[in-house]
Each structure stands twice: as C-alpha cells, then as structure tokens.
Amino acid sequence: LGDRAKHSCDISAAADMYLQDSAVAVSAGLKYEFKSLLWFAGGYKLALSDSLPSFASLGAGFSVYGLELGAAYVLFPSDSTLMFNLSYSF
C-alpha cells in the first residue's frame, strides 16, 4: 500500500488439528498497520467439526517505544468476549 514506511498490510491463513478430539479448523485474518504505531485486525476461524466453535474477531491497538496496548472483540455465536493485551518488546 503506497509508501511502505507508513503502511503495512499482513494476510494470514492457518489450519489447526486437535488430536484429542480429532477436530480440524481453518482460519484467515487481515492486519493493517500505520507507521508502526496503530493497527487494526480482523479474522475468522471456521471449525470443520461440531466439537469446536466458529467465530470472528476484530481488534485494534497501538505501539510506542516497544510498549503495545491492544484490544480484541471475539464474536462467538452464543456469546462474545472483549480482551485486552499489554506487551513490551525489547
């Protein structure tokens, strides 16, 4: 996206196999980052068996001097969860 020093866009995909339940899930996500300061993300996890839930998630956060604060909202079919994250990289 334009000037690489200002914008970053990451696309991810994954597959998970849970050995205990023999369950399989696939997921995909997208993350946009501006100037390594502010980011927005969204994704979806699709369960291919009845023992796991499928869900969507949305998140946003910011990073300054290695300190990152983020929030994510996970939208389960029957319930939703709001999570916060505080981390430091050195």
* **Gap separating the CG atom of Leu30 from the CG atom of Asp10, nearest 0.5 angstrom** => 8.5 Å

* To do: Please round to the nearest 0.5 Å and tell me the distance separating atom CG of Leu75 and atom OH of Tyr44.
  => 10.0 Å

* How long is the span from the OG atom in Ser57 to the OH atom in Tyr73, to the nearest 0.5 Å? -> 12.0 Å

* Between Ala23 and Ser49, what is the shortest heavy-atom contact and its length? -> CB-OG, 3.2 Å

* Following the transitive rule for hydrophobic clusters with a side-chain heavy-atom cut-off under 4.5 Å over Ile, Leu, Val, Met, Phe, Trp and Tyr, establish whether Tyr88 and Val64 coincide in one cluster. => yes

* Asked: Does Val74 share a hydrophobic cluster with Leu46, counting links as ILVMFWY side-chain heavy atoms below 4.5 Å and allowing steps through other members?
  -> no

* **Evaluation steps, side-chain contact (heavy atoms from CB on, under 4.5 Å), between Phe62 and Leu37** => CA-CA 5 Å; Phe62 67 93; Leu37 294 174; 5.7 Å; no

* Quick one: sort the His7 and Phe34 rings into parallel, tilted or perpendicular, breaks at 30° and 60°. => tilted

* To do: In sequence, state the C-alpha distance, the side-chain angles, and the governing distance for Asp16 and Lys45, and then conclude on side-chain contact (heavy atoms from CB on, under 4.5 Å).
  => CA-CA 10 Å; Asp16 302 316; Lys45 187 166 198 167; 2.9 Å; yes

* **side-chain contact (heavy atoms from CB on, under 4.5 Å) evaluation trace for Leu67 with Leu86** => CA-CA 7 Å; Leu67 186 64; Leu86 178 62; 3.8 Å; yes

* To do: Mind checking the SG-CD spacing from Cys9 to Glu33? Nearest 0.5 Å is all I need.
  => 10.5 Å

* Asked: Distance from Phe40 atom CZ to Leu58 atom CG, nearest 0.5 Å?
  -> 11.5 Å

* What's the shortest heavy-atom distance between Ala25 and Leu52, and which atoms? -> CB-CD1, 4.2 Å

